[in-house]
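Contents: one structure, followed by commentary.
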Amino acid sequence: MDENKPLKVRLTFSVILVGVSLLFAAVVTDHWAVLSPKVEEYNATCEAAHFGLWRLCTKRIFMQEQGPKEKGCGPITLPGEHNCSYFKHFTPGQSSEIFEVTTQKEYSISAAAIAIFSVGFAIIGTICVLLSFRKKRDYLLKPASMFYTFAGLCIIISVEVMRQSVKRMIDSKETVWMEYSYSWSFACACSSFVLLFICGIALLLIALPRFPQNPWETCMDAEPEH
């Protein structure tokens with residue numbers, strides 16, 4: 001038996017918890033993408049937006065003259081009147097016309113649903129690891145590693161769906177949005193994928209039984225014949 005196995009499991013689990021924290025931060029925050037229209041006039045207000053899986057937030061920003069390469073409204077960190085609303089397909093009765101007209105509901109619903117699956121897999125994996133810390137329950141590490149791997153795959157699929165959503169939005173002729181950038185929630189989702197996927201595989205390798213290093217180890221471990 002590998003004497004360092006409990007230490008390896010705890011170290012891997014610590015990194016996984018960082019990935020799970022990044023996953024939760026990405027799912028609940030509204031800074032996946034930042035959108036802005038092209039600015040033709042300065043010393044006036046323009047409307048920029050940022051959104052996540054559930055909400056769209058708009059901000060009216062007073063624009064002053066920018067550099068020659070900066071044509072969009074923003075940055076979004078500038079002070080201005082701020083307004084957030086949940087997407088209409090999640091909360092009927094609330095208005096989010098900007099998002100509804102310029103992109104497809106299917107993209108938003110798909111990205112949110114896949115992210116929920118990712119959160120579910122991460123929670124189940126964490127429960128399995130915590131239960132495995134009890135004696136004679138190391139067998140729970142293998143399903144836990146698979147759950148974490150699935151969680152990483154789901155969140156990166158959600159990221160790709162969101163990326164396609166933004167791309168189609170910008171390419172649409174019906175939208176006023178001309179400039180876009182991905183923000184810190186998007187980076188949290190990508191980072192959580194890397195940590196969960198890699199550490200999920202690492203946890204699986206740790207959980208697997210150790211292969212004999214010498215040919216005679218298998219013979220020595222065999223039960224004597226009666």
Residues in side chain to side chain contact (heavy atoms under 4.5 Å, CB included) with Cys154, at least two apart? Ile114, Phe117, Ser118, Phe121
Could you tell me whether the side chain of Val28 reaches within less than 4.5 Å of the side chain of Trp54, counting heavy atoms only? no
So, using ring pair (Phe, Tyr, Trp, His ring centres under 6.0 Å) as the criterion, who are the partners of Phe197 when residues are at least two apart? Phe193
Nearest 0.5 Å, what's the CG-CD1 distance between Leu11 and Ile206? 8.5 Å
What side chain to side chain donor-acceptor pair (under 3.5 Å) pairs are there with at least one residue in residues 139-162, not counting sequence neighbours? Thr126-Tyr148, Glu160-Arg163, Glu160-Gln164
Same cluster or not: are Ile16 and Leu205 linked, directly or through other Ile, Leu, Val, Met, Phe, Trp or Tyr residues, by side-chain heavy atoms under 4.5 angstrom apart? yes
Distance check, rounded to the nearest 0.5 Å: His50 atom NE2 versus Leu56 atom CG? 8.5 Å
Nearest 0.5 Å, what's the NE2-SG distance between His31 and Cys188? 11.0 Å
Between Leu140 and Val129, is the side chain to side chain contact (heavy atoms under 4.5 Å, CB included) condition met? List the steps. CA-CA 7 Å; Leu140 290 174; Val129 172; over 6 Å; no
Would Val15 end up clustered with Ile123 when hydrophobic side chains under 4.5 Å apart are linked, directly or stepwise? no
Under 6.0 Å from the CZ atom of Phe150, do we count more than 12 heavy atoms belonging to anything else shown? no
Taking all heavy atoms of Tyr107 and all of Ser165, pick out the closest pair and write down the distance. CB-CB, 3.7 Å
Would a single hydrophobic cluster contain both Val159 and Val194, if residues Ile, Leu, Val, Met, Phe, Trp and Tyr are joined by side-chain heavy-atom contacts under 4.5 Å? yes
Between Met162 and Leu53 the two heavy atoms that sit nearest each other are CE-CD2, 3.5 Å
Please tell me whether Phe24 and Ile127 are part of a single hydrophobic cluster in this structure, the criterion being side-chain heavy atoms less than 4.5 Å apart. yes
Do any pairs count as a side chain to side chain donor-acceptor pair (under 3.5 Å) and have a residue in residues 185-207, sequence neighbours left out, and if so which ones? Thr29-Ser185
According to a 4.5 Å side-chain heavy-atom criterion applied to Ile, Leu, Val, Met, Phe, Trp and Tyr, with indirect links allowed, do Tyr180 and Trp184 form part of one hydrophobic cluster? no
Which residue pairs satisfy the salt bridge (charged side-chain N to carboxylate O under 4.0 Å, His left out) criterion with at least one member in residues 145-158, sequence neighbours excluded? none
Once you round to the nearest 0.5 Å, how far does CD1 of Ile156 lie from CG of Leu153? 9.0 Å
For Asp138 and Lys5, work out which heavy atoms get closest and say how close. OD2-NZ, 4.1 Å
Pair listing, salt bridge (charged side-chain N to carboxylate O under 4.0 Å, His left out) test, anchored in residues 17-36, at least two apart: Asp30-Arg55
Side chain to side chain contact (heavy atoms under 4.5 Å, CB included) partners of Ile124, counting only residues at least two apart: Cys128, Phe147
Please name all residues satisfying side chain to side chain contact (heavy atoms under 4.5 Å, CB included) with Ala122, sequence neighbours left out, ordered by chain then number. Val20, Leu23, Ala151
What distance do Cys199 atom SG and Phe13 atom CZ have between them, rounded to the nearest 0.5 Å? 11.5 Å
Could you walk me through whether Val166 and Trp32 pass side chain to side chain contact (heavy atoms under 4.5 Å, CB included), step by step? CA-CA 10 Å; Val166 174; Trp32 283 62; over 6 Å; no
Those residues at least two apart in sequence (or on a different chain) that pass side chain to side chain contact (heavy atoms under 4.5 Å, CB included) with Val18 are Leu22, Leu195
Which distance, rounded to the nearest 0.5 Å, do you find between the OG1 of Thr12 and the CG of Leu17? 11.0 Å
